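Every chain is numbered from 1 and lettered A, B, ... according to where its sequence line falls, protein lines coming before strand lines. Please read all numbers here as calculations on a predicted model, not as lab measurements.
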Amino acid sequence: MTTPTLTQTGEYEWRLDPLPGMRAEAVVFGGREIVSNLEAHALRQLANVASLPGLAGRVCALPDTHSGYGFPIGCVAAMRPGKGVVSAGGVGFDIACGVRTLLTNLSEEDVHPHLPELAELLFAAVPSGTGRGGGFGLSPSALDDVLMNGAAFAVAKGYGAREDLERIEEGGRFEGADPSVVSAEARKRGQDQLGTLGSGNHYLEVQVMDKVFDARLADGFGLFPGQVVVGVHCGSRGLGHQVATDFMARMRAEAPRHGLSLPDPDLACAPLASETALAYLGAMRAAANFALANRQVIAHLVRTVFGGAFRDAGPMPLLWDVSHNLCLPEEHRVGGRSMRLFVHRKGATRALPPGHPALPRHLSRFGQPVPVGGSMGTASYILAGVATSMERSFGSACHGAGRLMSRGQAKKRFKGRALVDSLRGQGVVIRSGSLSGVAEEAPGAYKDIEAVVAATQGAGLAKAVARLRPLACVKG
DNA sequence: ATGTGC
């Protein structure tokens, strides 16, 4: 197989040299260091995405890109409604996996003496681990309510405040969810998982704001130096996983009937005009609402822990909640014309610029906050959307550090116990239910977040606002 | 990512 090659077109922008079958241009954003370490497989997958029918503009790989299922992770692909397709693998297994950041009134000195106990309290309050339920059990009709109403369901049940909803994409509720196309199996898996963290790279992290890059934006977002904040990274658990599994199989089985010959069966997709695409989008939005409700319930549990542990934690408002695995209809300008496109973002975060109509009024002057989760033990970032990202990446930015090696490789290379001890030496408390899980998430298994953010900013996809340093990380 | 997989 030919090794894909890149041609540099800007300081942080590279064009994939055309490979047979490609129908659209593919671009990679990244500095020299990131680009020289990219997996050939991820680039091959990017070329495969660029071979799909009905693409608008170019296909993008963000600086945190790496191999995924079908589509690489850290990928943006926009489809025209007429000829385009939707791909379940283009959204990924963890539908609407995402990050939210909660702001406290506390400073590092307030929490520092209590970090081990705090980590223990958070670990106890939020169920975590593979396959774990223990969230609140939902009756069939309550589950329908979750799937239709997302975070608004949780708020109506007393989990969090109404103000939270305007700090979540789409007001905390994705329109067009269709619970009737979510399989009984998916419902069964999700029934007991609302308010649970999961495993893998999902986490609850107590962080301190240790560096400001843009004082006006930081202030506008309610951030101050030395402030303690909490990051929550999780998704739609077994429910979303089952929706993805169900539709990947269905799309793969139906592909020949739709005249789709795919370079990789994992690219399984359906024409946007088909019944399968309609059903997938309805089920995907239902799973996305489950993810939003999940993060909302977890945020409530976190607030309860902080409220009990610290007198001055404050109401802990939400900075912003983003999903980084979705396919959503959005208006974009392509070739000088405005059109409605279905934008796949897999391991990619929407990053709306100042003045964008989808932003709530209080953020319109600043642009959308873009929480970027680092790997365990390394910094996270808050970025802000900028105008240039609309034409360059369909208004998208990186979602995290991005893996450098597979989970299997990481497990061979690193030992969980040694990592926990060494991070403790650096002042970071890790509380995890699984030491092998910690090894899979070793900081050394991920790219350098500083380089990823520098490339994201350098490429004009978002602007750095603040850096967050981890204090305590709770994982499944 | 995931009731984890050759």
Side-chain angles (χ1 to χ4, degrees), chain A residues 42 45 64-75 87-100 126-135 137-138 143 182-194 196-204 231-249 266 268 283-284 286-288 290-292 294-295 298 322-327 344-349 373 375-376 399-412 416 432-442 445-446 475-476:
Chain A
Q45 289 187 317
D64 51 341
T65 198
H66 59 100
S67 294
Y69 176 93
F71 283 44
I73 292 160
C75 181
S87 167
V91 169
F93 278 102
D94 193 0
I95 294 167
C97 178
V99 185
R100 65 164 54 189
V126 184
S128 64
T130 315
R132 273 285 302 277
L138 295 162
L143 181 56
V182 174
S183 69
E185 191 66 12
R187 295 177 67 103
K188 191 174 103 192
R189 289 177 68 176
Q191 187 266 333
D192 191 31
Q193 292 188 324
L194 190 69
T196 67
L197 197 57
S199 66
N201 63 1
H202 291 167
Y203 62 75
L204 267 177
V232 180
H233 179 208
C234 63
S236 50
R237 305 293 333 277
L239 185 139
H241 188 275
Q242 191 61 45
V243 166
T245 304
D246 291 343
F247 278 92
M248 283 170 189
D266 295 347
M284 180 206 75
F290 187 90
L292 294 185
N294 193 28
R295 290 198 285 275
I298 289 173
V322 285
S323 297
H324 46 229
N325 287 350
L326 279 175
C327 177
H344 293 74
R345 288 192 188 84
K346 181 183 189 182
T349 300
S375 55
M376 182 183 62
H399 82 307
R403 291 200 84 91
L404 207 51
M405 62 181 80
S406 70
R407 293 179 184 287
Q409 284 174 295
K411 241 194 291 207
K412 278 186 213 154
S432 172
S434 157
L435 284 173
S436 69
V438 168
E440 289 183 3
E441 295 303 317
Y446 280 83
K475 302 179 64 63

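Across all strands, A/G92 comes closer than 4.0 Å to no nucleic acid atom at all (heavy-atom distances). Using a 4.0 Å heavy-atom distance criterion, A/E441 is classed as a sugar-phosphate-only contact. Using a 4.0 Å heavy-atom criterion, one finds that A/E440 contacts no nucleic acid atom at all.
Side-chain contact between A/L239 and A/L143: present, with at least one pair of heavy atoms (C-beta onward) separated by less than 4.5 Å.
With sequence neighbours left out, A/H324 forms a ring pair (Phe, Tyr, Trp, His ring centres under 6.0 Å) with A/H233, A/H399. Every residue meeting the ring pair (Phe, Tyr, Trp, His ring centres under 6.0 Å) condition with A/F247, not counting sequence neighbours, appears here in chain and number order: A/Y280. Residues meeting the ring pair (Phe, Tyr, Trp, His ring centres under 6.0 Å) test with A/Y69, sequence neighbours left out: A/F93. By the side chain to side chain donor-acceptor pair (under 3.5 Å) test, A/H66 pairs with no residue at all, sequence neighbours left out.
If you take CG of A/N294 and C1' of B/dT2, they are 14 Å apart, rounded to a whole angstrom. A/Y69 has its OH atom 15 Å from the C1' atom of B/dG5, to the nearest Å. At whole-Å resolution of the value, CG in A/N325 and P in B/dT2 are 11 Å apart. Look at NZ on A/K411: it is 12 Å from P on B/dT4, rounded to the nearest Å. Nucleotide B/dT2 holds its P atom 9 Å from the NE2 atom of A/H233, rounded to whole Å. Atom-to-atom, CE of A/M248 to C1' of B/dT2 comes out at 11 Å; the value is rounded to the nearest Å. Atom P of nucleotide B/dT2 and atom CZ of A/F93 are separated by 11 Å, given to the nearest angstrom. If you measure from atom CD1 of A/I95 to atom C1' of B/dT2, you get 12 Å, rounded to the nearest angstrom.
The stretch residues 399-408 of chain A participates, sequence neighbours left out, in these salt bridge (Lys or Arg N to Asp or Glu O under 4.0 Å) pairs: A/R403-A/E441, A/R407-A/E440, A/R407-A/E441.
Side-chain polar atoms of A/R295 and A/S323 form a donor-acceptor pair below 3.5 angstrom.
Judged by distance alone, with hydrogens and angles left aside, A/T130 brings a side-chain donor or acceptor within reach of the base of B/dT4, the pair sitting under 3.5 Å.
Residues A/S434 and A/R403 both approach DNA chain B. Their nearest nucleotides, taken by heavy-atom distance, put A/R403 toward the 5′ side.
At the phosphate of B/dT2, OP1 or OP2 sits under 4.0 Å from a side-chain N or O atom of A/S199.
If you check residues 236-245 of chain A against DNA chain B, the residues with a heavy atom closer than 4.0 Å are A/R237, A/G238, A/H241, A/Q242, listed by number.
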